[in-house]
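Here's the structure we're looking at; comments come further down.
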Amino acid sequence: MFSEESRFSLQSDSSWTFIWRAPGTRYHQENTIERHCYGGAGWLVWGGIIFGYRTDCHVQSGHIYRDVILDQHVRLFRGAMGAEFLFMDDNAHPHPANIVDECLQLEDITLMDWTAYSSDLNPIEHVWDMLDRRIATRQLPPTCLTELWRALLDEWCNIPQDQIDNLILSLSLRYKACVASSGRHTHN
């Protein structure tokens, strides 16, 4: 199971200027929308993917990560898959917290060795990007936290499962590209 959290806000999380345009209209002013870095409120959500399935989105904190994510999702998958189950999360806070480590040990859940911030290798990072793009292109973009949460839940459920499965199946190609680039950025 690949898991990760991502932050979604009412405004862009980057200082980039995003341009949604038709071919040939690259520099038209009406196609430019500026968004400010981390402006406004947002949600930190967690999700997990596995071939053929995805979990629900959850707002998270350290205790919620243990009590909801690990207990209600990861432990159940581990029980269903048996000893070959391998869990992937990054080393981001709150994952390495003592309460999380104790839960993983108690449930005999094996963590995959994974370098923190390995976005090129974690397929759920690409799912978060799909989710972000789906929200950004909604006819009526969210204007408050309640609308953003509803949009996140709605768009998360509407991402085609075959796209998620294809990301998981493409892992070996991304591993090879990462090795070929000596661990630097790849385009896969």
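For the numbers below, each heavy atom of this structure counts, side chains included, while hydrogens, waters and symmetry mates do not. Each residue takes its place number in the sequence, starting with 1.
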Looking at residues at least two apart in the chain, or sitting in another chain, which of them share a side-chain contact (heavy atoms from CB on, under 4.5 Å) with [X]?
X	result
Thr146	Cys144, Arg150
Arg134	Glu155, Asn158, Ile159, Pro160
Asp56	His58

Qualifying ring-ring contact (aromatic ring centres under 6.0 Å, His included) pairs, either residue in residues 150-170, two or more places apart: Trp128-Trp156

To the nearest 0.5 Å, what is the distance between [atom1] ([X]) and [atom2] ([Y])?
X	Y	atom1	atom2	value
Leu152	Ile135	CG	CD1	4.0 Å
His126	Asn166	NE2	CG	12.5 Å
Ile50	Asp165	CD1	CG	10.5 Å

How far apart are the closest heavy atoms of [X] and [Y], and which atoms are they?
X	Y	value
Ile168	Phe2	CG2-CE1, 4.3 Å
Leu167	Arg174	O-NH2, 2.6 Å
Cys57	Leu153	CB-CD2, 4.1 Å

Quick one: list whatever passes ring-ring contact (aromatic ring centres under 6.0 Å, His included) with Tyr53, sequence neighbours left out.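 For Tyr53, the residues satisfying ring-ring contact (aromatic ring centres under 6.0 Å, His included) (neighbours in sequence not counted) are Phe77.
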
According to side-chain hydrogen bond (donor to acceptor under 3.5 Å, both in side chains), who are the partners of Gln163, at least two apart in sequence or on a separate chain? none

Quick check: do Thr55 and Met1 have side-chain heavy atoms less than 4.5 Å from each other?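 Yes. Closest side-chain heavy atoms under 4.5 Å.
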
Residues two or more places apart in sequence or in another chain: which of them pass salt bridge (charged side-chain N to carboxylate O under 4.0 Å, His left out) with Asp162? none

